[in-house]
Each structure stands twice: as structure tokens, then as C-alpha cells.
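Order of appearance sets the numbers: ligands from 1, and atoms from 1 within every ligand. Being a predicted model, the structure only gives us computed values, none of them experimental.
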Amino acid sequence: MSTSERARELLAPDVRDRRRNQESEKRRQRSQGQRRIGVMGGTFDPIHHGHLVAASEVMDRFNLEQVVFVPAATQPFKAGREVAPAEHRYLMTVIATASNNRFTVSRVDIDRGGLSYTYETLRQLHEEDPEVEWYFITGADALESILEWKNAPELFELAHIIGVTRPGHVLGKAELPADSVSLLEIPALAISSSDCRERIRTGKPIWYLVPDGVVQYIEKYGLYR
Ligand code: ATP
Ligand code: MG
């Protein structure tokens with residue numbers, strides 16, 4: 001008996017069944033040549049547990065084999081705002097995701113530079129791996145403006161859009177193409193990067209709002225003071 005088989009024997013029957021279903025669903029997708037990968041775009045200034053829980057929930061519910069975090073160079077709606085240097089945001093994202101072997105970080109937006117339009121991110125990922133079914137994960141606040149994003153109609157062709165709930169934002173489906181947008185309620189974590197930055201500026205702790213390594217990285221480089 002392999003270690004994973006033995007581990008499964010120890011699990012409660014409902015968990016075991018769910019694992020089995022997920023595994024057979026994954027095998028089915030692979031045998032059809034379809035791989036499902038999530039994309040979580042953001043400024044990640046800094047990355048926090050709200051981002052990580054959202055990615056983890058979507059990965060579980062949509063049977064994704066992995067989630068790629070894509071830190072933006074400049075987020076179009078945040079142009080003109082002061083943001084930590086891209087390399088710091090990239091490295092904090094790497095640190096935050098390092099312990100999960102199904103989370104990865106992509107430099108596509110940072111290396112392309114300029115304004116990071118989701119359409120261009122997805123087109124580039126799609127060109128690199130045309131066989132993959134892409135799932136773009138975004139918060140409810142961002143979803144509200146998705147129709148104003150660059151090339152919105154093409155965006156829906158490149159990826160399924162998964163809108164995740166965020167405390168303080170009620171999701172409305174109005175006008176969004178129902179077949180390409182799904183909504184998912186995730187355990188509410190009232191954490192935002194803005195609040196983390198404000199806490200640091202005013203000397204309040206950010207422990208447990210962001211991964212430990214990110215707290216230490218911010219301290220080491222004196223970010224957000
Ligand atoms: P800021 O406060 O600076 O806007 P943020 O916390 O919203 O930062 P972003 O990098 O802008 O972080 O977010 C990237 C994506 O993650 C967005 O789609 C956003 O809606 C989503 N998101 C952010 N925080 C949460 C949260 N606590 N729960 C669910 N989704 C979140
Ligand atoms: Mg935001």
C-alpha cells in the first residue's frame with residue numbers, strides 16, 4: 001500500500017469519497033487532454049491570506065491542477081498610485097506561495113512592463129500553453145468593472161472568469177455573460193493590502209494577516225513605512 005493510499009484509509013469516508021471523485025475528475029480531464037489552471041492577478045502590495053484562501057478555494061471547487069499568481073507591473077486602475085517596486089512584490093508572492101506545490105508565480109506581467117491588462121496576460125499564457133483551460137480569479141470589487149477592462153469580450157473567450165466574494169462587496173451578476181462567469185463564496189477574510197500598508201505605517205501588527213515570511217520580508221526591507 002502506498003503512503004497516499006494508507007493516508008486515504010485513515011480519512012473519514014465522506015472526505016475519502018470526495019478525494020476519490022476529485023482524483024477521477026482530474027484523470028478524466030487529463031485523458032481528454034484538458035488541463036485546468038487558475039490565474040490570480042493582482043498588485044500583491046503586499047500579498048495576504050485573503051488572496052491565498054481565495055486561490056485555494058477556487059482550486060478545490062473547480063478542480064484546478066494549479067493556480068498561477070501574476071503580480072502586475074502597473075495595474076491600469078491603480079496607475080499614478082505609489083506602489084512598492086515590482087521585484088519586492090514578486091518576491092513576497094514567491095515567499096507566500098512557496099509552501100504550496102500547486103501554487104506558482106509568473107513574471108509575465110512584470111517582464112512585459114507597462115500597464116498590465118488582464119487580456120494581454122491571458123493571451124500570453126494562452127499562447128505559451130494553448131491546451132490549457134484557463135480560470136481567471138478575481139474579487140467581487142474588480143468583477144464589477146470587468147466590462148470596462150481592455151478587450152472585455154475577448155477576455156471571456158480566453159478564460160472562465162471566477163468572481164470570489166470579498167467582505168463588504170455583494171456580488172451582482174447583472175450584464176455579465178453567465179456562461180463564462182462563475183461566482184464563488186469563499187470564507188470571508190476582511191483583509192486588504194491597503195489595510196496591511198496602513199497598519200505598517202501606523203506601527204500596528206500584520207502578523208497572521210499575511211504569511212510569516214512576508215511579515216519578515218517587509219521588516220527586512222523596511223517596506224511601507
Ligand atoms: P488594495 O487594497 O491595495 O486594493 P487588495 O487587497 O485588493 O489590495 P489586490 O492585489 O488589489 O489586493 O487584489 C488582487 C485580487 O484579489 C483582486 O481581484 C481582489 O479583488 C482579490 N482580493 C483581495 N483581497 C481579497 C480578500 N480578502 N478576499 C477575496 N479576494 C480578495
Ligand atoms: Mg484591490
(request) Return the minimal non-hydrogen interatomic distance between Ala142 and Trp149, and the atom names on each side. (result) O-CZ2, 3.6 Å

(message) For Leu184 and Val58: C-alpha separation, side-chain torsions, deciding distance, then whether side-chain contact (heavy atoms from CB on, under 4.5 Å) applies.
(response) CA-CA 8 Å; Leu184 180 64; Val58 175; 3.8 Å; yes

(request) Only pairs at least two apart or in different chains count here, so list each salt bridge (charged side-chain N to carboxylate O under 4.0 Å, His left out) that has a residue in residues 145-158. (result) Glu120-Lys150

(message) If you take the centroid of each ring, where Trp contributes its six-membered ring, are Phe136 and His160 closer together than 6.0 Å?
(response) no

(message) Distance under 4.0 Å, heavy atoms only, partner ligand 1: which residues pass?
(response) Met40, Gly41, Gly42, Thr43, Phe44, His48, Gly50, His51, Lys78, Arg81, Thr138, Gly139, Asp141, Val164, Thr165, Arg166, Ile186, Leu189, Ile191, Ser192, Ser193, Ser194, Arg197

(message) Once side-chain hydrogen bond (donor to acceptor under 3.5 Å, both in side chains) is applied, do any residues pair with Ser180, and if so which ones, sequence neighbours excluded?
(response) none

(request) Could you note down all residue pairs passing salt bridge (charged side-chain N to carboxylate O under 4.0 Å, His left out) where residues 76-87 supplies at least one of them, sequence neighbours left out? (result) Asp45-Arg81, Glu87-Arg107

